[in-house]
There are 2 protein chains.
Amino acid sequence: MDDYPLDGTAALPPADIAAAWERELPGVPTSSIGVLTPLWRAAKTLAEERRRTLARLGLDAATLDLLSTLRRSGPPYTLTTRQLAAQTLVTAGAISQRVARAERDGLVVRQASTASRRAVAVVLTDAGHARVGTAVRALLEHEEALVAALDPVEREALGALLARLGTAAG
Amino acid sequence: MDDYPLDGTAALPPADIAAAWERELPGVPTSSIGVLTPLWRAAKTLAEERRRTLARLGLDAATLDLLSTLRRSGPPYTLTTRQLAAQTLVTAGAISQRVARAERDGLVVRQASTASRRAVAVVLTDAGHARVGTAVRALLEHEEALVAALDPVEREALGALLARLGTAAG
DNA sequence: GCCTCAACGTTTAGACCTAAACCTAGGGAG
DNA sequence: CTCCCTAGGTTTAGGTCTAAACGTTGAGGC
């Protein structure tokens, strides 16, 4: 995966991509490219960075997302499948699979919910509790260093612009 | 997948996530959350939007990425596996699988490269050429509408900040 | 002329996701 | 009491990705 021999054909600057489409499909609107291409690339680069960091800790992003949602919910560190799906922005089917893997690894357990007999309560085990604490500390420290490329004012502006773009599409 | 019954537990604002970690793990640095959470969410929302748009056209994002990279390269609309991997930011293995699916669907063909006997030339078929033209027009028009939530100055600023963040991590 | 190593592709194992089918448990209408 | 519909979960089919193992094919050293 590391390094491709960059034989003159690496990722193009957004302006070049827009110019290429203008040539191939004259008249097509290209102004979104200047925003979305950097967005895809930043998200991908940061996701890879996160994956590498987590791999050293024996976790993956999906499992961390599950465990950290439970941990952030506070005592008694329990949420239903449905609640997890809503907070993590994935489908209930995906949660079901994540929980199955995490349960296999002893990080969570499934119990009958006290509230409703239909619901399933996903509970963080002691091992899961400890694991997510360590991982989140490491991850937040690492990511703090990455966003340090921007000063506080720029970070604020970037977060706000992304939130507006995200809600515009949602 | 549509709508979760939002039983009071939807996606939290970044500030609340940061507060929860400060409570669970006192002293942990949380300032990256204000940038990265909106970034993940915007990327995910826009990716879903793109998936829906492409599904109506009978394409998926991975295939479009392959076909559009070939189309943007201009005549003779041919690149090697390695060149495709470099430009699309995925591994050569992923390209190999994408090409296999696209070839099965008659959108590209594999030929021996004229330049090197080791290399494989992936060539856009007429069907692939037409398909990508239609899809890219539809997609760029749709995405133009999405980024219209930001004015030109904001779009410029957002693209520049994302580019800096992406290269800082890369 | 051989040998070895690097480059190019493909394949495989393991994880992940969505959409859709499927099961079960309750609640409400009659 | 029964029937049906809905909500919560799980399962399955199909597609996606990475990392790593595995063939080949050239190219350069000796």
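Residue numbering restarts at 1 for every chain, and letters A, B, ... go by the order of the sequence lines.
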Of B:R104 and A:V99, whose nearest nucleotide on DNA chain D comes first from the 5' end?
A:V99
Nearest-nucleotide pick for A:T80, side chain only, options being D:dG15, D:dC17, D:dG9
D:dG9
Is the number of heavy atoms from other residues, nucleotides or ligands under 6.0 Å of B:D151 CG greater than 12?
yes
Pairwise side-chain contact, B:L165 with A:L46, heavy-atom cut-off 4.5 Å (strictly under)
yes
Between P of C:dA13 and CG of A:D60, the distance in whole Å
20 Å
Can a side chain N or O of A:R52 be found less than 4.0 Å away from OP1 or OP2 on D:dT18?
no
Looking only at the side chain of B:R51 (C-beta and beyond, no hydrogens), which of the listed nucleotides D:dT18, C:dT18, C:dC8 gets closest?
C:dT18
Given side chains that start at C-beta, do those of B:R98 and B:V90 come closer than 4.5 Å, heavy atoms only?
yes
N/O to N/O distances under 3.5 Å, protein versus nucleotides 12-14 of chain D:
| from | atom 1 | to | atom 2 | distance (Å) |
| --- | --- | --- | --- | --- |
| D:dT12 | O4 | A:Q97 | NE2 | 3.4 |

When we call it a touch if two heavy atoms are under 4.0 Å apart, what does A:A94 touch: a base, just sugar-phosphate, or nothing?
base
Candidates D:dG9, D:dG15, C:dT10 - which lies nearest the side chain of A:R82:
D:dG9
Keeping the roles fixed (side chain from A:D105, backbone from A:L107), state whether a donor-acceptor pair exists under 3.5 Å.
no
List, with names and distances, any nitrogen or oxygen atoms from the protein found under 3.5 Å away from nitrogen or oxygen atoms belonging to nucleotides 24-29 of chain C.
| from | atom 1 | to | atom 2 | distance (Å) |
| --- | --- | --- | --- | --- |
| C:dG26 | OP1 | A:R117 | NE | 3.0 |

Touch check for A:S96, heavy atoms < 4.0 angstrom, all strands: base, sugar-phosphate only, or nothing?
base
On a heavy-atom basis, which atom in B:W21 and which in A:R71 lie closest, and how many Å separate them?
CZ3-CG, 3.7 Å
If the cut-off is 4.0 Å, is A:T81 near the phosphate of D:dT10, judged by side-chain N/O to OP1 or OP2?
yes
Examine distances only and state if a side-chain atom of A:Q111 and a backbone atom of A:V122 form a donor-acceptor pair shorter than 3.5 Å.
no
